Amino acid sequence: MAVWLLKTEPGEFSIDDLAERGSDGEPWNGIRNYQARNFLREMQVGDLVLIYHSACATPGIVGLAEVIRDAYPDPDALNPESRYFDPKSHADNIRWSLIDVRFLQKYSAPLSLKAIKAEPSLGEMKLVNSSRLSVSPVTEAEYQTLCSLLHVDAMGNALD
DNA sequence: GCCAACGTTGGC
DNA sequence: GCCAACGTTGGC
């Protein structure tokens, strides 16, 4: 089971919005970057997903989700009415993919980007050194360190 | 709102 | 296939 990190702007779609979706989950659409898309295609049902809030007052990791549907072609790419319309995609060749995720946890104490950057052993995180990538893998070691800083277990439950 | 970083596009 | 122009991301 792999661990990933997905960015979202809370003004667009926040961890609270994901929580409201409950077990139905949410299609994580709108990824329009090849590197990010390729990571999406590697994701599998059951993989864990750290949810990161960007472009907000305190950017950081705010919660945990899980993948509930493997990557599939993004129908928005074919819809001229969609903000995610892609004129270069065609019905027999859609360039973009998405996955579905569902809410697991909202951390009572989020982990800020500032705190992540302050931890030397997290210096190789894609989040840190490839800062514009909206979908990125998290290594097992990185995940353990993050959980430790968040004071949670691997399933996001608070440790006291 | 500024702007640095960087991915994408398209002319040549 | 190079690279300048352009658009987007996202921290600050």
Side-chain angles (χ1 to χ4, degrees), chain A residues 2-21 25-43 47-67 71-101 103-139 141-143 145-152 156:
Chain A
V3 182
W4 307 88
L5 183 144
L6 291 177
K7 291 185 188 176
T8 184
E9 298 188 17
E12 295 282 331
F13 189 84
S14 72
I15 186 74
D16 296 318
D17 295 322
L18 185 62
E20 284 179 12
R21 297 294 192 273
E26 173 76 4
W28 205 264
N29 57 7
I31 302 294
R32 294 290 181 268
N33 167 283
Y34 282 112
Q35 200 180 351
R37 182 206 66 183
N38 292 343
F39 285 134
L40 287 179
R41 290 179 175 178
E42 292 180 32
M43 295 168 77
D47 283 358
L48 294 177
V49 175
L50 292 161
I51 302 296
Y52 177 93
H53 280 177
S54 65
C56 57
T58 307
I61 294 170
V62 295
L64 188 68
E66 73 171 327
V67 178
Y72 56 102
D74 186 349
D76 285 348
L78 299 180
N79 177 9
E81 304 299 314
S82 170
R83 61 187 289 200
Y84 300 125
F85 176 62
D86 169 29
K88 294 192 175 178
S89 284
H90 305 282
D92 59 350
N93 182 21
I94 293 178
R95 294 203 292 176
W96 308 109
S97 298
L98 73 160
I99 52 156
D100 291 357
V101 301
F103 175 84
L104 290 179
Q105 301 277 354
K106 179 181 179 180
Y107 301 132
S108 55
L111 185 62
S112 69
L113 178 62
K114 187 179 174 186
I116 293 167
K117 285 181 171 174
E119 173 53 51
S121 63
L122 296 176
E124 295 303 308
M125 278 191 75
K126 277 268 193 300
L127 175 70
V128 174
N129 64 22
S130 187
S131 64
R132 295 175 66 236
L133 192 59
S134 58
V135 180
S136 58
V138 177
T139 68
E142 287 163 353
Y143 188 56
T145 302
L146 291 167
C147 285
S148 159
L149 292 171
L150 283 157
H151 306 293
V152 298

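Just so you know, these numbers come straight off a predicted model, no measurement behind them. Note on naming: letters A, B, ... go to the chains in the order of the sequence lines (proteins, then strands), and numbering restarts at 1 for each one.
The stretch residues 77-87 of chain A has no heavy atom under 4.0 angstrom from DNA chain B at all.
Going from atom CG of L127(A) over to atom C1' of dT9(C) covers 13 Å, rounded to whole Å. The nearest whole Å value for the distance from the CG atom in N38(A) to the P atom in dG7(B) is 13 Å. For Y52(A) and dT9(C), the OH to P distance is 15 Å, given to the nearest whole Å. The distance from atom CZ of R32(A) to atom P of dT9(B) is 12 Å, rounded to the nearest whole Å. Rounding to whole angstrom units, CG of residue L133(A) and P of dT8(B) are separated by 10 Å.
Ring centroid separation for the pair W96(A) and Y34(A) comes in under the 6.0 Å cut-off.
Ring geometry, F39(A) versus W4(A): the interplanar angle falls from 30° to 60°, so the pair is classed tilted.
Heavy-atom minimum distance, P73(A) versus I94(A): CB-CD1, 3.9 Å. Shown here for I15(A) and Q105(A), the closest heavy-atom pair between the two residues is CD1-O, 3.9 Å.
Judged by distance alone with a 3.5 Å cut-off, a donor-acceptor contact links the side chain of R132(A) to the base of dT8(C).
Taken to the nearest 0.5 Å, the CG atom of D74(A) stands 11.5 Å off from the CZ atom of R37(A). To the nearest 0.5 Å, atoms CD (E142(A)) and CG (L50(A)) are separated by 10.5 Å.
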Protein-nucleotides 10-12 of chain B N/O pairs closer than 3.5 Å?
from	atom 1	to	atom 2	distance (Å)
dG10(B)	OP2	K88(A)	NZ	3.2

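Residue K114(A) is out of contact with every strand shown, counting any heavy-atom pair closer than 4.0 Å.
The backbone N or O of F13(A) lies less than 3.5 Å from a partner atom in the side chain of T8(A), making a donor-acceptor pair. Remark: the backbone N or O of D76(A) is not paired with any side-chain donor or acceptor of N79(A) at under 3.5 angstrom.
Comparing atom distances between the R95(A) side chain and each of dT9(C), dT8(B), dT9(B) picks out dT9(B) as nearest.
Side-chain contact of D86(A) with S89(A): a donor-acceptor pair under 3.5 Å is present, judged by distance alone.
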